[in-house]
Amino acid sequence: MRFTDSPTVELEVAGRVLSIQQDNNSLHVGTTVWPCSLVLVKFLERWASHLGPSPAPYADLLGFAGKRAVELGSGCGPAGMGLHLLGLDVVLTDIAPVMPALRRNLKRNRAILSRAPRHALLYWNNSDQIAALRPPFDYVIAADVVYIEESVAPLVSAMAALVAPRGVVLLGYQVRSPEAHALFWELCERTFFVEKVPKLDLHPDYAYEEADVYLLRKK
């Protein structure tokens, strides 16, 4: 499910509106805005800003002040930019063919981002690029990144290498490939404790049937 075929997607976060340019005709899926990134940001906004029921069950998880994060597969940048607006120090990463789209959207939203978040090239199987990011991170962010079976093992390995022992992987997830789906959760369960966020805890306007949010913590 794409969020929209429109060339521009708008996402309101913390009272400001991100304008995200996408290209659905590109050969690279990272130049399209997929719904999991929006679902993840709005879930985090809901609880980080205490808009949900009281007491907020995720309050201890979402104390962003002074915390570091890295996003894997940032694509057009909605999740990373949204978390930046929520106060998280986040580095947005992706592969070389997607970086022009990411840079374009960072520039497009410069006025509302104030200090634009950092971005870096990252292939999940490149240990030098992982080390250059200076892990560990308090949070690893990933949204809609499980769709090719061959990339699953490097993805899970990168998550484990980047997240701190007491850190959290914040994952926006939708089943794209049965084979990739099965392998991803098989590998994740070897390394992480897995918690699925109940649909009722997602932002009510962004609780799409196909999209879920998971919290992964190292075993």
Side-chain angles (χ1 to χ4, degrees), residues 1-26 28-52 58 61-65 67-95 97-122 137-145 169-174 197 201-208 210-213:
M1 181 182 86
R2 281 192 175 94
F3 177 67
T4 177
D5 289 326
S6 168
T8 303
V9 174
E10 292 190 344
L11 178 65
E12 182 177 351
V13 183
R16 287 167 283 183
V17 179
L18 292 167
S19 176
I20 304 150
Q21 192 175 60
Q22 64 173 355
D23 180 6
N24 290 328
N25 296 316
S26 167
H28 301 287
V29 295
T31 61
T32 293
V33 175
W34 299 93
C36 290
S37 58
L38 312 184
V39 172
L40 181 61
V41 170
K42 296 301 287 189
F43 158 70
L44 296 170
E45 180 193 43
R46 179 186 184 191
W47 297 105
S49 57
H50 306 291
L51 296 179
Y58 304 101
L61 171 67
L62 301 178
F64 288 155
K67 300 293 180 64
R68 299 173 66 232
V70 61
E71 183 184 14
L72 306 183
S74 297
C76 297
M81 289 192 291
L83 290 173
H84 175 82
L85 291 177
L86 292 176
L88 190 57
D89 178 13
V90 56
V91 183
L92 283 64
T93 72
D94 216 311
I95 61 175
V98 181
M99 292 305 284
L102 177 57
R103 293 191 187 101
R104 183 168 59 247
N105 279 305
L106 289 170
K107 182 178 181 180
R108 182 184 181 91
N109 291 277
R110 184 177 297 166
I112 69 165
L113 291 171
S114 300
R115 178 183 58 81
R118 292 173 293 148
H119 61 280
L121 184 70
L122 178 63
F137 289 86
D138 301 293
Y139 301 96
V140 171
I141 314 299
D144 224 329
V145 292
V169 178
L170 302 172
L171 176 68
Y173 189 84
Q174 180 173 344
V197 173
D201 287 350
L202 301 180
H203 191 290
D205 295 333
Y206 289 82
Y208 305 137
E210 301 94 336
D212 290 297
V213 172

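Count residues from 1 along the sequence. None of these values were measured; they are calculated from a predicted model.
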Student: Output every pair passing salt bridge (charged side-chain N to carboxylate O under 4.0 Å, His left out) with a member in residues 99-114, not counting sequence neighbours, ordered by first then second residue.
Tutor: none

Student: To the nearest 0.5 Å, tell me how far R16 CZ sits from I112 CD1.
Tutor: 7.0 Å

Student: Could you state the interatomic distance from CG (L83) to OH (Y139), rounded to the nearest 0.5 Å?
Tutor: 9.5 Å

Student: Is the backbone N or O of D144 less than 3.5 Å from a side-chain atom of Q174, with the two atoms forming a donor-acceptor pair by type?
Tutor: no

Student: Atom CG in L92, atom CG in L72: separation rounded to 0.5 Å?
Tutor: 10.5 Å

Student: Could you pull out all residues at least two apart from N109 that satisfy side chain to side chain donor-acceptor pair (under 3.5 Å)?
Tutor: none

Student: If we check side-chain contact (heavy atoms from CB on, under 4.5 Å) with W47, which of these qualifies: V197, L202, L61, L62?
Tutor: L62

Student: Between S74 and T93 (side chain of the first, backbone of the second, donor and acceptor by atom type, cut-off under 3.5 Å), is there such a pair?
Tutor: yes

Student: What is the minimum heavy-atom distance between I95 and L122, and which atoms define it?
Tutor: CG2-O, 3.8 Å

Student: Please check if the side chain of H84 supplies one atom and the backbone of R115 the other of a donor-acceptor pair under 3.5 Å.
Tutor: yes

Student: Return the minimal non-hydrogen interatomic distance between L102 and G77, and the atom names on each side.
Tutor: CD1-CA, 3.8 Å

Student: Give, for atom OH of Y206 and atom OG of S37, the distance between the pair rounded to the nearest 0.5 Å.
Tutor: 10.0 Å

Student: What are the two closest non-hydrogen atoms of V9 and Q22, and how far apart are they?
Tutor: CG2-NE2, 3.8 Å

Student: P78 and L18: which non-hydrogen atoms are nearest, and at how many Å?
Tutor: O-CD1, 4.1 Å

Student: Has K42 got a side-chain atom pairing as donor or acceptor with V13's backbone, closer than 3.5 angstrom?
Tutor: no

Student: Mind checking the CD1-CG spacing from I20 to L38? Nearest 0.5 Å is all I need.
Tutor: 6.5 Å

Student: If I take atom NE2 from residue H119 and atom CE from residue M81, how far apart are they, to the nearest 0.5 angstrom?
Tutor: 12.0 Å

Student: Give the minimum heavy-atom separation between D94 and M99, together with the two atoms involved.
Tutor: O-SD, 3.8 Å

Student: How would you list, by chain and number, every residue that makes a side chain to side chain donor-acceptor pair (under 3.5 Å) with K67, sequence neighbours excluded?
Tutor: none

Student: Can you give me the closest heavy-atom contact between A143 and L40, atom names plus distance?
Tutor: CB-CD2, 4.4 Å

Student: State whether the side chain of D138 and the backbone N or O of R68 hold a donor-acceptor pair below 3.5 Å, judged by distance alone.
Tutor: yes

